[in-house]
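This report refers to the structure that appears directly beneath it.
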Amino acid sequence: MTTIHVEVVETSSLGDRSYLAHDGRVALVVDPQRDVDRVLALAGRLGVRVTHVAETHLHNDYVSGGLALARLTGAAYLVAGADTVAFERLPVADGDEIAVSDAMRVAVVATPGHTFHHLSYVLYGSRGAESVFTGGSLLFGTTGRTDLLGERHARALAHRQHASVRRLADLLPDGAQVWPTHGFGSFCAATQSDAASSTIGRERRVNAALRLEADDFVARTLAGLDAFPAYYAHLGARNSAGPEPIDLTPVETADPGRLRERIEAGEWVVDLRSRKAFATRHLAGTLSFGLDGPMATWLGWLVPWGAPITLLGESADQVAAAQRELARIGVDRPAAAAAGAPEGWAGGDETRLAGLPVATFADLAAARAGRVPPGLPAPDLVLDVRLGGEWRAGHVEGAVHLPLPELPERLAEVPEGTVWVHCGTGYRAAVAAALLARAGRQAVHVDDAFDDAAGAGLVVTAPED
């Protein structure tokens, strides 16, 4: 009896997964990211040949590597026949079955909801239906969001999402493994889950789509939707047109003089080091997007599309890793890069270096009580840069709300004075504080977990209805 194995290719920075299913000889790859070298390396280690590549949908959150992988391997490329694309593929539709090998086949199931023509792929082996690749349909404990194609479609697609998930549950046994593409921090998920794996049986117990009737599910889904990254608007069309292969060759190295010119021109010069390192010392005028967090998501969301980006990293490897992350979301070629430390980027000119005051929520509580911690300026304003849903779930009393994605265009609206800025964990607050500092404002980075704010002595409002 041939055993079918499913290997996970994680892209944790975007909250996505790709999959390689194989029988020891040949493989099916589902929803590959643009950097297909990872998939090819995995196939090589396993000693299997990629013969089929399948897309569950035309992705909005990353540039697909499916077309490039199919061309490199000669694999059949399965894409919904109902989707209009500008490249050759094997068009598939509900009810189609594809023999991957003598031991492995997939059945195509139409599961509209996340997109109009979304497909899932049921994987059959010698024991029958063993698992299902669900893309943005059935996720771990939730479903894919239904508003990416426009708010006018969100309600109708939410109804279809409910019906699609129920159809999958009716088709499959409780023991079938569920392999979604989204749902691990991706903004494509309606809500988030911390589950590492799941089955159809587990989803019957925990998933709202399988526990609620359609109208209740739709109402809950639509009420829970928040903003999603601005770069999503560009990627669906790019995937339909057929993305060009990724180019990860090194970019131009910027010397201290060129860095000065780029900063003075108002370009986005991005420091990839940790936010702690940035706060300690950085090149004045640069922005903190640490590679130890969701750098690509937030930088891709905030930077004007197509604007030049310069990357600063501790090493060439750190710059290369950031370049790879950005290429996944269609930011193909940074304008320039430099590796090293702030002193080198400043060309030895100490006047070009800066630091950033850092505080905790306990410091904020003390400052509000008139006991400003030594070395910190008193707050004139507390700025909360979390998203709308986070704010409505509870916020520090007296804080001003301005979601981070809106901050670059609304800096002039931030009241005068010293701004203490916070988010949910500290990552986004570092970005916001750097943006404020670049604009000439005095900012304090509250690098703390919002869940600790009440315990630190701050008044946190109850969730809004």
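- Looking at heavy atoms from C-beta onward, Val358 lies out of side-chain contact with Val444 at the 4.5 angstrom threshold.
- Note that CG of Leu287 is 10.0 Å distant from CG of Leu312, once rounded to the nearest 0.5 Å.
- In this structure a side-chain-to-backbone donor-acceptor pair under 3.5 Å is present from Thr280 to Lys276.
- Side-chain contact annotation: Gln442 with Thr418, donor-acceptor N/O pair under 3.5 Å present.
- Minimum heavy-atom separation, Ser13 to Arg328: OG-NH1, 3.8 Å.
- Contact of the Trp268 side chain with the Leu299 side chain is registered, since non-hydrogen atoms from C-beta on lie closer than 4.5 Å.
- Panel note: side chain Gln161, backbone Gly144; a donor-acceptor pair is recorded below 3.5 Å.
- Here the closest non-hydrogen pair linking Ala433 and Ala443 is O-CB, 3.9 Å.
- In this structure, Leu210 and Ala169 approach most closely via the heavy-atom pair CD2-CB, 3.7 Å.
- The main-chain N or O of Arg167 is never found under 3.5 Å from a side-chain atom of Asp170 such that the two would form a donor-acceptor pair.
- A distance of 11.0 Å separates CG of Leu283 from CZ of Arg281, quoted to the nearest 0.5 Å.
- Donor-acceptor pairing under 3.5 Å is recorded for the side chains of Asp83 and His117.
- With Trp345 contributing its side chain and His282 its backbone, the two residues share no donor-acceptor pair below 3.5 Å.
- Between Trp420 and Leu376, some side-chain heavy-atom pair lies under the 4.5 Å cut-off.
- In summary, Arg324 and Asp37 engage in a salt bridge, as defined by a charged side-chain N under 4.0 Å from a carboxylate O.
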Exercise for the section: Check the pair Glu244 / Asp332 against side chain to side chain contact (heavy atoms under 4.5 Å, CB included), numbers first and verdict last. Expected result: CA-CA 10 Å; Glu244 63 278 12; Asp332 289 322; 3.6 Å; yes
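- Of the possible polar contacts, one joining the Thr146 side chain to the Ala154 backbone as a donor-acceptor pair under 3.5 Å is found.
- In this structure the side chain of Val109 never reaches within 4.5 angstrom of the side chain of Leu119, judged on heavy atoms.
- Ion pairing between a basic and an acidic side chain is recognised when a charged N comes within 4.0 Å of a carboxylate O; Glu252 and Arg333 show no such pairing.
- Phe187 does not carry Arg145 over the face of its six-membered ring by the limits of under 6.0 Å from the centre and within 45° of the normal.
- Under a 3.5 Å cut-off, the side chain of Asp271 and the backbone N or O of Thr286 do not form any donor-acceptor pair.
- Taking every heavy atom of both residues into account, Pro180 and Leu138 meet most closely at CB-O, 3.7 Å.
- Counting only heavy atoms from C-beta outward, the side chains of Glu7 and Leu42 approach each other to under 4.5 Å.
- The OG atom of Ser131 sits 14.0 Å away from atom OH of Tyr121, with the distance rounded to the nearest 0.5 Å.
- When only modelled atom types and interatomic distance are considered, Thr199 and Gln177 share no side-chain donor-acceptor pair under 3.5 Å.
- For the pairing with His114, the ring-ring contact (aromatic ring centres under 6.0 Å, His included) check across His162, His182, His59 returns one residue only, His182.
- In this structure, CG on Leu148 lies 7.0 Å from OH on Tyr232, to the nearest 0.5 angstrom.
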Exercise for the section: Please step through ring-ring contact (aromatic ring centres under 6.0 Å, His included) for the pair Phe289 and Tyr427, ending with a clear verdict. Expected result: CA-CA 8 Å; Phe289 287 87; Tyr427 188 91; 7.2 Å; no
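- Taken to the nearest 0.5 Å, the CD atom of Glu390 stands 10.0 Å off from the CZ atom of Arg392.
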Practice task
List the steps, then state whether side-chain hydrogen bond (donor to acceptor under 3.5 Å, both in side chains) holds for Asp349 with Thr351.
Solution key: CA-CA 5 Å; Asp349 183 353; Thr351 65; 2.5 Å; yes
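- What you find for Thr297 and Pro229 is that their closest heavy atoms are CG2-CG, 4.1 Å.
- Using modelled atom types, one side-chain atom of Arg34 and one backbone atom of Ala327 make a donor-acceptor pair closer than 3.5 Å.
- Of the possible polar contacts, none joining the His422 side chain to the Arg428 backbone as a donor-acceptor pair under 3.5 Å is found.
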Handout entry: Leu123 vs Val132, side chain to side chain contact (heavy atoms under 4.5 Å, CB included): CA-CA, chis, key distance, verdict
Key = CA-CA 6 Å; Leu123 181 63; Val132 57; over 6 Å; no
Practice task
Report the C-alpha distance between Thr11 and Arg38 in whole Å, list the side-chain angles of each, state the deciding distance to 0.1 Å, and finish with yes or no for side-chain hydrogen bond (donor to acceptor under 3.5 Å, both in side chains).
Solution key: CA-CA 11 Å; Thr11 306; Arg38 295 185 297 162; 2.9 Å; yes
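- Across every non-hydrogen atom of Ala230 and His234, the tightest pair is O-CD2, 4.1 Å.
- Side-chain N/O atoms of Ser64 and Arg238 include no donor and acceptor closer than 3.5 Å.
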Exercise for the section: Report the C-alpha separation of Arg160 and Phe116 in whole Å, then their side-chain angles, then the decisive distance to 0.1 Å, and conclude whether the side chain to side chain contact (heavy atoms under 4.5 Å, CB included) test is met. Expected result: CA-CA 9 Å; Arg160 299 184 77 177; Phe116 286 108; 3.9 Å; yes
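- A donor-acceptor contact shorter than 3.5 Å is absent between the side chain of Tyr62 and the backbone of Asp16.
- Side-chain N or O atoms of Ser12 include none that pairs as donor or acceptor with a backbone N or O of Gly15 at under 3.5 Å.
- To the nearest 0.5 Å, the span separating CD on Gln323 from CG on Asp247 amounts to 7.5 Å.
- Using a 4.5 Å cut-off on side-chain heavy atoms (C-beta onward), Pro405 and Trp298 make contact.
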Problem - Evaluation steps, side chain to side chain contact (heavy atoms under 4.5 Å, CB included), between Leu40 and Leu69 - result: CA-CA 8 Å; Leu40 293 169; Leu69 182 60; 3.7 Å; yes
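- Sorted pairs that involve residues 364-383 and meet side-chain hydrogen bond (donor to acceptor under 3.5 Å, both in side chains), not counting sequence neighbours, are lacking altogether.
- Sorted by first then second residue, the side-chain hydrogen bond (donor to acceptor under 3.5 Å, both in side chains) pairs that include residues 205-217, not counting sequence neighbours, are Glu203-Asn207.
- For the salt bridge (Lys or Arg N to Asp or Glu O under 4.0 Å) test, residues two or more places apart in sequence or in another chain that qualify with Glu10 are Arg17.
- Using a 3.5 Å distance cut-off with no hydrogens or angles, the side chains of Ser137 and Ser120 do not pair a donor with an acceptor.
- We find that Asp255 and Arg258 are not joined by a salt bridge, their nearest charged nitrogen and carboxylate oxygen being 4.0 Å or further apart.
- A side-chain donor-acceptor contact under 3.5 Å links Thr56 and Asp31.
- Considering only heavy atoms from C-beta on, Val331 comes within 4.5 Å of Ile309 through its side chain.
- The closest side-chain heavy-atom distance from Phe450 to Val396 is below 4.5 Å.
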